[in-house]
Amino acid sequence: MRRPVWRPRTVRARIIALALAPALALTVLWSFAMISVTGELRALIRLQGVYEDYGTPVDTAIGQIQIERRMSAAHLGDPRASAPGAALLAQQRRTDRAVTAMRRAMASGDRDRLTARQRRALDAMAAATTELEALRRDVLSRRIGWDQAVTRYNALVEPGFAVESALTALQAGQLARESQTVIELVRVREFVSREDALVAGARAAGTLTAPQYALLTAAIEDRRLFERTYAPDLPADSYARYEEFRDGAPHRALERAEDALLAAGIGGADQAVAAGTWRSVADRAVHSYMRLCSSAAEHSAARGRAFAYRELTKAAVVGAVGLAAAALSLWLAVRGARRVSRRLENLRDAADLLSSRQLPDVMRRLSAGERVDAVAEAPPLTADEVADDEIGQVGRSFNTARLAAVEAAVHQATLRRGLSAVLLNIARRNQALVHRQLKLVDTLERRTDDPDVLRELFRIDHLTTRMRRHAESLIILSGAAPGRRWRGPVPVADVVASAVGEIEAYARVVVPPMPGDGIAADAVADVVHLLAELLENATLFSPPHTEVTLRTEHEDGRLVLRVDDRGLGLDAGQRDEATRTLRDPDAFDPTRHDRLGLYVVGRLAARHGIEVSLGESPYGGTTATVLLPAAVLATVEPARSRPAPTPPSPRRPVRTPVPASPGTAALPTRTRQASLAPELRADPPPADDTPLGAADPEEMRALFAAFQRGLSDGRNGIPADANADVNADVNADEGTDTDDVR
């Protein structure tokens, strides 16, 4: 399971995290509280500036729209006015200037200091004013009645109250209630303006319908209801000014005019109040409400700023104390963590020194045969690292563990040397016995004339050759080198044939024509062994009815041998693991008995700089590629008086003949009676189609005897010679000493 990336990776970080977690939690809570508290305070501080930048232009535009609403109602209500008057057109231009100023303020201001609710309210107000032109066209063309015009103008004004409410809205508390009361007083002013527009339309029309009268009475009742509901909630200073206005002449005149309109009913409401009287009363009331709202807003803003400054001062003091406490706790945690971490780092450095230098040095010296003192190689830690606390206990335990590790390394190295020596001794003995057995088989092959016995002896010879290869594999895995050596270079064809002869399923190997390169004398045995291991793997891991094919080519001065099988192949993971085994053969793992051949191949390849790789076979199996460097290759001198062999067809590879032992396939053979004078040579028997088993016993004896002598010469690396006397004097004995020179 992967460790989460957020988990601390060091002890110091863990200790700091233990102190940081509560400190961070407290800091987060403190920050949340500060943001929650100071957010409203900051809003109070910037309330006046935000309202001046956005609320004032909106309020101005609303005032001009209200005036245009009254004049439009009067124009539509007068049936004699076919064209708009100059006063209405002038008012429309004033309204346009106010709306343009409002939009400019919305676009040029710093909207980042606004909340999402405030931005939505401003956008809604700007969108509502886009309907102004369409409304004016309907008014000027008289396509709507004066009461419909008043209703549509009301829709243009209504978003302005949402703007004022959003710009002055606070979270909670007395200040929030004061700001809401101011907004509702602004609505009272709007109801008075609506009454003014409805009265103007009614007087111009000279009559009122029931719906129009209902609009007028609803505006009067809403104005009185809002005033009675919200005015008492004003703070003391603002309420005093409201009482002064309520008891003054403008407010009493407005009340009397409204009473007259209500008392006149539908039939007389249009003439209930004289035009000049109503105009004076409405204008004075609207201006009085405007001054009252502005005064209440200013007082509320001043109280909000004073409250905000006091609370911000308190929050700053509390925040500074909280930050100081958090910083102190973190400093103490870091200081303690540094001391603990320093002691643990000393233990870590001691462990690293043990694993990276002391133990490898001990193993190197032990491998060199030196005597090692475990106590001297594992000195104890200093007194600070072995104090009486928990870390000191770890240090003392580490001292004990380090001494035990060095002693175990000494003991294990001794055991490994002894085991390796035992295995090597057994392998050498087996090799000597195998050599003696090969000598005995050669002797028996020379003495017998029975073809059946010769056939069985050849099979024993083949098995013995494979036993020799396995014994040499054990020697190689033990770190030593087999004793077989050659006097001179050997042709690649002979090396490949010897390798094929050292495997069980040699008949399945298809060998193409080999190049004329030779293998250096000191590398012949190892190359034969390496190729035999790869060929045996190819035959073992492919179906028994399939062939294993050899291919050769030259590449950058190197000879390339490719062994292709037709098995199931290896997946990517298996191929990568096998490649690692070939490239790092020294990391021999005795438990991986299924890869002993790869370890042997890797060690032999590393000894001579040979590159071995595994890939996908063109036949669907696995291809083992062997790159023989120039240092391994050598020039082979042609054998004396050897007749040139007939080259095989380049389009069809030659199947390796069935050898009885390594070195027989493509190896030189003796020519019967070649050393005798022509007069002494017996006439060759006539050619017939007699099967091998039905041939003359004497003829079969001579045939197998010649084959056996050629086999022995090939195994010993002796080239074929036309002079039979030279070949007859060659010692075919393999010997029992691993240092024999071929």
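Values in this document were obtained by computation on a predicted structure and should not be read as measured data. The chain is numbered in sequence order, starting from 1. Atom set for the values below is all heavy atoms of this structure, side chains included, hydrogens, waters and symmetry mates excluded.
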* Look up atom CG in Leu530 and atom NE2 in His608, then write down how far apart they are to the nearest 0.5 Å. => 9.0 Å

* To do: May I ask you to test the Pro512-Leu550 pair for a side-chain heavy-atom distance under 4.5 Å?
  => yes

* Atom CG in Leu627, atom CD in Glu555: separation rounded to 0.5 Å? -> 5.5 Å

* Asked: How many angstroms lie between OG1 in Thr622 and CD in Gln574, if you round to the nearest 0.5 Å?
  -> 9.0 Å

* To do: Search all heavy atoms of Pro543 against all heavy atoms of Gly567 and return the closest pair with its distance.
  => CD-CA, 3.9 Å

* **Leu598 vs Asn537 side-chain heavy atoms within contact, under 4.5 Å** => yes

* To do: Taking the side chain as every heavy atom from C-beta outward, state whether Val632 and Leu559 have any atom pair closer than 4.5 Å.
  => no

* Asked: How many angstroms lie between atom CG of Leu531 and atom CD of Glu502, to the nearest 0.5 angstrom?
  -> 10.0 Å

* To do: Considering only NZ, NE, NH1 and NH2 on the basic side and carboxylate oxygens on the acidic side, decide whether Asp442 and Lys439 come within less than 4.0 Å.
  => no

* **Atom CG of Leu568 with >12 non-hydrogen neighbours under 6.0 angstrom** => no

* **Nearest atoms (heavy-atom pairs only) where Gly557 meets Leu633** => O-CD1, 4.1 Å

* **Exercise: identify the closest heavy-atom pair between Val612 and Ala605** => CG2-CB, 3.9 Å

* Got a second to check how far Thr448's OG1 is from Arg455's CZ, nearest 0.5 Å? -> 11.5 Å

* **Over all atoms of both residues, closest heavy-atom pair of Ala520 and Ala631** => CB-O, 4.3 Å

* To do: State, with a plain yes or no, whether a side-chain heavy atom of Arg468 is found less than 4.5 Å away from one of Thr464.
  => no

* Report the C-alpha separation of Ile519 and Leu628 in whole Å, then their side-chain angles, then the decisive distance to 0.1 Å, and conclude whether the side-chain contact (heavy atoms from CB on, under 4.5 Å) test is met. => CA-CA 9 Å; Ile519 305 298; Leu628 301 177; 3.8 Å; yes

* Closest non-hydrogen atom pair, Arg508 against Ser542 -> NH2-OG, 2.7 Å

* To do: In sequence, state the C-alpha distance, the side-chain angles, and the governing distance for Arg551 and Thr623, and then conclude on side-chain contact (heavy atoms from CB on, under 4.5 Å).
  => CA-CA 10 Å; Arg551 293 183 288 150; Thr623 294; 4.0 Å; yes

* Between Val441 and Glu445, is a side-chain contact (heavy atoms from CB on, under 4.5 Å) present by the stated rule, with each step listed? -> CA-CA 6 Å; Val441 171; Glu445 289 173 350; 3.5 Å; yes

* To do: Start with the C-alpha gap between Asp565 and Thr546, add the side-chain angles, then the distance that decides, and say whether side-chain contact (heavy atoms from CB on, under 4.5 Å) holds.
  => CA-CA 8 Å; Asp565 64 47; Thr546 61; over 6 Å; no

* **Cationic N near anionic O, under 4.0 Å, Glu616 to Arg575** => no

* Asked: Are Glu577 and Arg580 side-chain neighbours, meaning at least one heavy-atom pair lies under 4.5 Å?
  -> yes

* Would you say the side-chain atoms of Arg566 and Thr549 include a donor-acceptor pair closer than 3.5 Å? -> yes

* Residue pair Glu504 / Thr539, side-chain heavy-atom distance below 4.5 Å -> no

* Taking every non-hydrogen atom, the tightest pair across Val500 and Tyr506 -> O-CB, 3.3 Å

* Backbone N or O of Ile503 within a donor-acceptor pair of the His462 side chain at under 3.5 Å? -> yes

* To do: Side-chain contact test, heavy atoms from C-beta onward, threshold under 4.5 Å: evaluate it for Val626 versus Ile610 and give yes or no.
  => yes

* Calculate, to the nearest 0.5 Å, the distance between atoms CZ and CD belonging to Arg469 and Glu536 respectively. => 4.0 Å

* **Student check: side-chain heavy atoms of Thr581 and Tyr599 closer than 4.5 Å** => yes

